[in-house]
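Taking it in order: structure first as structure tokens, then the write-up.
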Amino acid sequence: MAPISHGPLPACVEGFTRLQQPVTQIIDGSTMTGAADTQAAIEQPREDGLFSSNATTEDGAAEPDLAEAIASADPEAGLDAGPDNEAPEQEKALPVSAFAAFGLRQELLDGLAAIGFEEPSPIQKAAIPELMLGRDLVGQAQTGTGKTAAFGLPLLQRLDPGQRTPQVLVLTPTRELAMQVAEAFNSYAACMKGVKVLPIYGGADFRDQIQHLRRGVQIVVGTPGRVMDHMRQGTLDLSGLRSLVLDEADEMLRMGFIDDVKWVLEQLPAERQVVLFSATMPSEIRRISQNHLKDPAEVTIRQKAADGRRIRQRHLVVNGPQKLEALERVLEAEGSEGVIIFARTKAITLTVAESLEQHGYDVAVLNGDVPQTQRERTIERLRDGRVNVLVATDVAARGLDVDRIGLVINYDIPFDGEAYVHRIGRTGRAGRSGEAILFLTPRERRFLGGLERAVNQPIEVMEVPGNASINQHRLDRLRQKLTTTLQQPVCNPEERALLAEILQRVAQEQSCSPDQLALAALELGLGGKPLLLQGEERWGQSRSGTPTRDRDRDRERGGERRPFNDRHQERSEDGPEDNMERFRIEVGWRDRVKPGNIVGAIANESGLAGRSIGKIRIFDAHSTVDLPKGMPDDVFADLRRLRVMNKELQISRLGS
Ligand code: ADP
Ligand code: MG
């Protein structure tokens with residue numbers, strides 16, 4: 001675990017010196033799960049006042065570090081814990097929650113046990129002891145570092161359940177965050193009696209909130225605007241307030257709430273504790289901390305480089321009009337279980353979501369126009385997997401905490417490095433690895449360097465996935481799905497018995513082998529969708545020099561445009577089979593033709609059975625079709641004049 005370091009002092013003497021030492025703590029932090037697996041580095045000040053993060057503890061003794069941190073977290077423990085204390089061994093032996101060492105009440109420890117927190121994260125280790133003493137605190141840490149419990153636990157510890165007016169007020173930039181923080185408080189306090197937490201935010205019923213406030217609430221979590229409204233109306237009595245938390249202060253600044261925040265600060269009782277958390281420290285926020293906080297403890301959690309690397313970051317360069325198709329390709333080839341796509345405007349979120357929906361994705365939109373109740377439902381659906389892709393604007397997705405996000409796509413470039421960091425922070429949560437892909441137009445390429453500096457690591461280049469990789473992905477996925485279904489059948493036993501009966505019957509009637517039958521079932525499972533993309537292996541190969549505009553526009557409308565092979569599964573690009581001959585027809589993607597149209601028309605006109613029509617490939621303005629050798633001339637003549645999608649086929653023999 002990350003030891004807490006006060007300047008250059010060795011961590012082991014910290015328990016003695018904590019209160020006398022300068023208040024700044026800089027800790028090499030990590031996101032939550034990092035907490036469990038970090039071999040932490042102590043950040044030691046260099047002469048120039050900068051911090052280097054490469055001084056690591058010897059042999060990464062995680063347990064002793066943790067024990068030291070705990071010893072230092074508890075003022076009592078510090079008295080009998082010397083430099084060679086045996087606490088590490090004892091700690092290891094005891095099944096007691098590492099949180100116990102903070103001196104938290106049993107009900108809180110029980111609550112933590114119920115939600116499965118085992119050990120405090122770096123910011124929790126640093127902040128909880130200070131806040132338990134009632135000190136003001138300024139904390140700088142990225143999202144996902146565990147700030148909520150860092151302030152939630154000590155404030156709950158200090159709560160007076162007897163006092164009926166609000167004792168704790170938490171201001172958050174968004175309604176979603178207010179809800180999340182309120183929920184977190186409730187979960188920590190699940191075993192405490194008589195703790196009432198109320199989230200108040202705009203868009204929810206005002207009178208309802210007033211009633212709750214009247215009945216007595218100790219903890220209020222709200223957005224600045226609505227909190228001010230209640231204060232002005234006299235429905236939120238803050239005369240008994242003990243602690244104010246400004247959560248994600250920089251976000252509140254960015255969203256224009258800073259005057260509201262200052263106003264609230266000015267109305268508070270003189271004797272109160274103020275806690276300010278922010279991912280970055282713009283001068284405005286610094287000033288608030290200087291003007292409104294009293295001798296605050298300062299805690300900075302540095303994202304360790306290794307943690308940043310938990311999120312694999314890549315970028316691709318794509319022309320504006322081709323973004324939508326590039327997006328679909330990225331989703332197909334890189335698709336993960338939960339995806340957030342960031343777009344710049346509400347309008348773009350809608351366009352993107354509509355297009356993805358047409359392609360069969362379970363999509364939801366989160367933008368400023370989405371009413372509150374629906375937003376909550378959307379996030380819930382994302383969380384439980386009913387929605388797999390969320391298309392959002394920055395504001396709407398701020399602070400969103402959903403563990404199952406495996407991929408963040410910056411469909412539009414964020415405005416600055418900070419926004420980029422916030423966006424990609426939606427993935428790689430709870431110890432999982434995450435992927436982030438940034439779309440840049442050729443002109444936006446020049447912003448890449450700035451973003452790389454913001455995350456302090458290179459953002460690798462990638463190509464828009466080509467047909468080859470998408471096809472490989474499709475085959476892999478099919479294999480995976482087949483295996484899963486084999487292991488965990490979807491149907492109940494009776495249904496399966498009926499299915500088996502069908503198989504038996506068809507096998508008998510058609511006298512086919514089990515392999516043939518299985519193959520037919522697999523094809524059936526494709527649901528009429530193409531198995532493979534045809535054409536160039538790499539994306540963009542055929543584009544240079546070709547007038548792609550029409551085609552692109554076509555694609556954006558979501559037109560059917562992918563060539564495929566509807567009956568053969570081999571992926572070879574070879575010529576026709578022995579008994580077949582290849583023909584060219586003058587109808588293609590841009591006419592929105594589907595293989596079914598071609599098969600249907602040819603079968604009708606030529607009298608050929610549909611199944612004897614071979615491989616079909618659809619290209620931009622033409623297609624090819626394999627037909628049995630030896631087509632009679634009159635049939636050929638008829639086919640030439642045959643119209644499909646209102647165009648004459650003009651069929652011709654390839655190679656002739
Ligand atoms: P932040 O406010 O810094 O973005 P949160 O407080 O939202 O971070 O915490 C991020 C996630 O980590 C949440 O899902 C939270 O439940 C979880 N978490 C917080 N502290 C711990 C801990 N000590 N052990 C395990 N999980 C934790
Ligand atoms: Mg938070």
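Just so you know, ligand 1 is whichever comes first in the structure, and atom 1 is the first atom listed for that ligand. Both backbone and side-chain heavy atoms feed into the values below; hydrogens, waters and symmetry mates do not. Nothing fancy with the numbering, it's 1 onward along the sequence.
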Under a 4.0 Å heavy-atom limit, does Phe99 contact ligand 1 with its side chain, its backbone, both, or neither? side chain

Once you measure the plane-to-plane angle for Phe277 and Phe151, does it fall in the parallel (<30°), tilted (30-60°) or perpendicular (>60°) bin? tilted

Are the charged groups of Glu460 and Arg314 less than 4.0 angstrom apart, N to O? no

Only heavy atoms count here, so choose which of Phe277, Phe117, Tyr188 is nearest to atom 25 (C) of ligand 1. Phe117

Does the N or O separation between Thr145 and ligand 1 drop below 3.5 Å for any pair? yes

May I ask you to check whether Glu119 has an N/O atom sitting below 3.5 Å from an N/O atom of ligand 1? yes

Which of Asp416, Asp412, Asp394 passes salt bridge (Lys or Arg N to Asp or Glu O under 4.0 Å) with Arg423? It is Asp394

Are Ile285 and Thr280 close enough that some pair of their side-chain heavy atoms sits under 4.5 Å apart? no

Under a 3.5 Å cutoff, is there a donor and acceptor pairing between the side chains of Asp110 and Gln106? yes

Are Leu108 and Met192 packed together at the side-chain level, in the sense that at least one heavy-atom pair is separated by less than 4.5 angstrom? yes

Would you check the N or O atoms of Gln124, main chain and side chain alike, for any that come under 3.5 Å of an N or O of ligand 1? yes

If we number the atoms of ligand 1 from 1 as shown, the ones under 4.0 Å from a heavy atom of Thr148 are 2 (O), 5 (P), 6 (O), 7 (O)

Using a plain distance cutoff, I'd like to know if Gly146 has any nitrogen or oxygen under 3.5 Å from a nitrogen or oxygen of ligand 1. yes

